Amino acid sequence: METSEQLLEFESKIAEGAKIEPKDWMPDRYRSQLIRMMSQHAHSEIVGMLPEGNWITRAPNLRRKMTLLAKVQDEAGHGLYIYSATETLGIERSELIDQLLEGKAKYSSIFNYPTLSWADIGVIGWLVDGAAIVNQTMLAKASYGPYSRAMIRICKEENFHKKQGFEIVTTLAAGTPEQKAMVQDAVNRWWWPSLMMFGPHDAESTNSSELMQWGVKRKSNDSLRQHFVNITVPQARAVDLTIPDPELEYNEETGDWKFGEIDWNEFYQVIKGNGPCNRERIAARRSAHDNGAWVREAARAYADKQLTRQTTS
Ligand code: FAQ
């Protein structure tokens with residue numbers, strides 16, 4: 001039962017900017033909102049390994065292959081930190097994973113698009129990790145301690161990811177006409193889905209007001225999206241790539257790049273499960289889960305044995 005005193009104490013902690021820790025009292029709705037958002041985030045990191053993993057065997061040289069392997073492994077690590085942080089809210093990781101495998105949990109729309117060329121790997125690092133950094137730098141100040149601390153570490157690693165992506169983009173953009181065309185094509189395909197990562201417009205965002213009131217989100221979907229556009233347009237210009245938006249226009253007064261309307265129909269189709277790769281992604285995760293059953297069994301048997309040893313000694 002929530003008492004008004006507990007609620008007042010919780011709200012005053014949030015107002016002071018103090019962190020809420022796992023054993024602190026929190027409203028049920030704060031807990032359930034965090035479980036929803038953090039588990040979606042953890043699933044995104046795990047599913048997010050698939051589009052790039054597709055290119056590990058086809059990286060153009062050993063240096064690129066090693067870097068990509070390390071990046072994809074980092075994303076697995078991010079998923080694990082965030083699942084652990086979500087478990088501090090009193091839910092088992094296995095339950096969260098079941099929700100993903102049963103198609104009941106969301107994960108970021110961006111990972112339902114295919115990686116058609118090597119240039120996609122550069123553009124994902126630049127745009128997708130770039131968008132994730134904008135969002136997660138804000139979440140590093142989230143009111144829930146375990147989530148905010150996970151974000152601080154993740155952002156450091158994502159910065160490397162963005163740099164390796166932009167380095168690939170820069171190399172291809174300065175390469176042969178075919179390489180330049182390949183990277184432009186990748187930008188054309190990934191630009192709009194990257195903007196969708198920030199979620200619906202503020203007026204349509206059902207969770208934002210509650211999350212902002214509780215200091216989980218510190219900025220709105222639209223303001224983060226605008227910040228991402230503002231920092232990315234000059235980067236595209238620096239390497240002579242075109243952003244596929246005829247409405248893109250600099251506003252001298254506000255200092256913002258005005259951009260065209262996102263295809264929200266496409267966004268909602270993708271988050272409903274009807275994107276280009278949704279079915280393939282879930283099938284890949286189910287198969288990985290089934291193939292890993294023996295590892296989970298072995299780990300459980302080992303843990304049980306350790307426990308028996310401790311209790312009998
Ligand atoms: N995709 O009310 P809002 C990464 C859903 S990590 C799918 O505005 P909220 C690293 C939303 O869940 C990328 N669903 O929601 C990497 C809600 O549905 P629900 C992931 C979306 O929570 C790089 C409904 O729409 N990052 O990229 C999306 O206030 C490279 C209404 O929306 C995070 O998860 C979407 N794009 O704001 C990894 C960061 N947008 O649950 C590998 C943490 C919205 O009510 C390779 N999450 N929806 O049924 C967040 O910051 C927020 O949850 C938002 C959505 C901003 C994603």
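As the structure is a prediction and not an experimental result, all values here were calculated from the model. Atoms within a ligand are numbered from 1 in the order they appear, just like the ligands themselves. Residues: numbered from 1 along the sequence shown.
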Tell me, please: is Tyr268 in heavy-atom contact with ligand 1, that is, under 4.0 Å? no
His161 to ligand 1, any heavy atom closer than 4.0 Å: no
If you scan protein heavy atoms around atom 39 (C) of ligand 1, the nearest is Asn135 OD1, 3.1 Å
Residue, atom and distance of the protein heavy atom nearest atom 37 (O) of ligand 1 read Lys217 NZ, 3.1 Å
Using non-hydrogen atoms of the residue, decide whether Lys71 is closer than 4.0 angstrom to ligand 1. yes
Under 4.0 Å from a heavy atom of Tyr147: give me the atoms of ligand 1 that qualify, with their elements. 43 (C)
Between Arg286 (side chain only) and Leu101 (backbone N and O only), is there a donor and an acceptor less than 3.5 Å apart? yes
When distances are taken from atom 1 (N) of ligand 1, the protein heavy atom at minimum range is Ser109 N, 2.8 Å
Could you list the atoms of ligand 1 found under 4.0 angstrom from a heavy atom of Gly199? 40 (N), 44 (C)
Give a yes/no verdict on whether any heavy atom in Leu139 is under 4.0 Å from an atom of ligand 1. yes
Say whether Asn221, considering both its backbone and side-chain N or O atoms, lies within less than 3.5 Å of an N or O atom on ligand 1. yes
Starting from Val183, can I reach Trp118 by hopping between I/L/V/M/F/W/Y residues whose side chains sit under 4.5 Å apart? yes
Closer than 4.0 Å to some heavy atom of Glu45 - which atoms of ligand 1 meet that? 6 (S), 10 (C), 16 (C), 38 (C)
Atom 3 (P) of ligand 1: nearest protein contact (heavy atom, Å): Ser205 OG, 3.4 Å
Check step by step if side-chain contact (heavy atoms from CB on, under 4.5 Å) holds for Ser117 and Arg189. CA-CA 11 Å; Ser117 75; Arg189 286 181 288 105; 4.1 Å; yes
From atom 42 (C) of ligand 1, work out which of Lys272, Glu75, Met212 has a heavy atom at the shortest distance. Glu75
pair Trp264-His201: side-chain heavy atoms closer than 4.5 Å: yes
Between Asp222 and Arg225, is there a side-chain N and carboxylate O pair less than 4.0 Å apart? yes
Side-chain H-bond candidate by donor/acceptor type, Asp120 with Trp190, under 3.5 Å: yes
Salt bridge flag under 4.0 Å for residues Arg63 and Glu167: yes
Looking only at protein heavy atoms, which one is nearest to atom 31 (C) of ligand 1, and how far off is it? Thr206 OG1, 3.7 Å
Do Ser208 and Lys217 have side chains that approach each other closer than 4.5 Å (heavy atoms only, starting at C-beta)? yes
Between Lys162 and Glu158, does at least one N-O distance fall below 4.0 Å, as a salt bridge requires? no
Please list the nearest protein heavy atom to atom 25 (O) of ligand 1 with its residue and the distance rounded to 0.1 Å. Ile271 CD1, 3.8 Å
Contacting atoms of ligand 1, where contact means under 4.0 angstrom from a heavy atom of Ala132: 4 (C), 10 (C), 27 (O)
Contacts of Phe111 that satisfy ring pair (Phe, Tyr, Trp, His ring centres under 6.0 Å) - sequence neighbours left out: none
Closest candidate by heavy atom, reference atom 45 (O) of ligand 1, pool Asn207, Val128, Leu211, Val216: Asn207
Sub-4.0 Å protein heavy atom next to atom 54 (C) of ligand 1: no
With the side chain counted from C-beta on, respond yes when Trp192 and Asp245 share a heavy-atom pair under 4.5 Å apart, and no when they do not. yes
Centroid separation His43 to Tyr83 less than 6.0 Å: yes
Out of Tyr107, Phe111, Phe267, whose heavy atom is nearest to atom 48 (N) of ligand 1? Phe267
Between Lys180 and Asp240, is there a salt bridge with N-O shorter than 4.0 Å? yes
What protein heavy atom sits nearest atom 56 (C) of ligand 1, and how far away is it? Phe198 O, 3.7 Å
Strictly by modelled atom types, are Tyr107 and His41 linked by a side-chain donor-acceptor pair under 3.5 Å? no
Among Met37, Gln40, Arg36, Gln33, closest by any non-hydrogen atom to atom 22 (O) of ligand 1: Arg36
Sidechain N-carboxylate O distance under 4.0 Å for Asp98, Lys104: no
Do me a favour and list the nearest non-hydrogen protein atom to atom 49 (O) of ligand 1 with residue, atom name and distance? Lys106 NZ, 2.5 Å
Look at ligand 1 and say whether Met38 reaches it with a heavy atom at a distance under 4.0 Å. no
Applying a heavy-atom cut-off of 4.0 Å, say which part of Met196 lies close to ligand 1: side chain, backbone, both or neither. backbone
Measuring from non-hydrogen atoms of Glu158 to any atom of ligand 1, is the shortest distance under 4.0 Å? yes
Min N/O separation Asp129 to ligand 1 under 3.5 Å: no
Enumerated ligand 1 atoms positioned under 4.0 Å from heavy atoms of Gln136: 6 (S)
For Glu204, is the nearest heavy atom under 4.0 Å from an atom of ligand 1? no
Which ligand 1 atoms are under 4.0 Å away from a heavy-atom of Gly48? 42 (C), 46 (C)
Is it the case that one hydrophobic cluster holds both Ile82 and Ile152, taking links as side-chain heavy atoms less than 4.5 Å apart, direct or via other members? no
Is it true that Arg93 and Glu87 make a salt bridge, defined as a side-chain N closer than 4.0 Å to a carboxylate O? yes
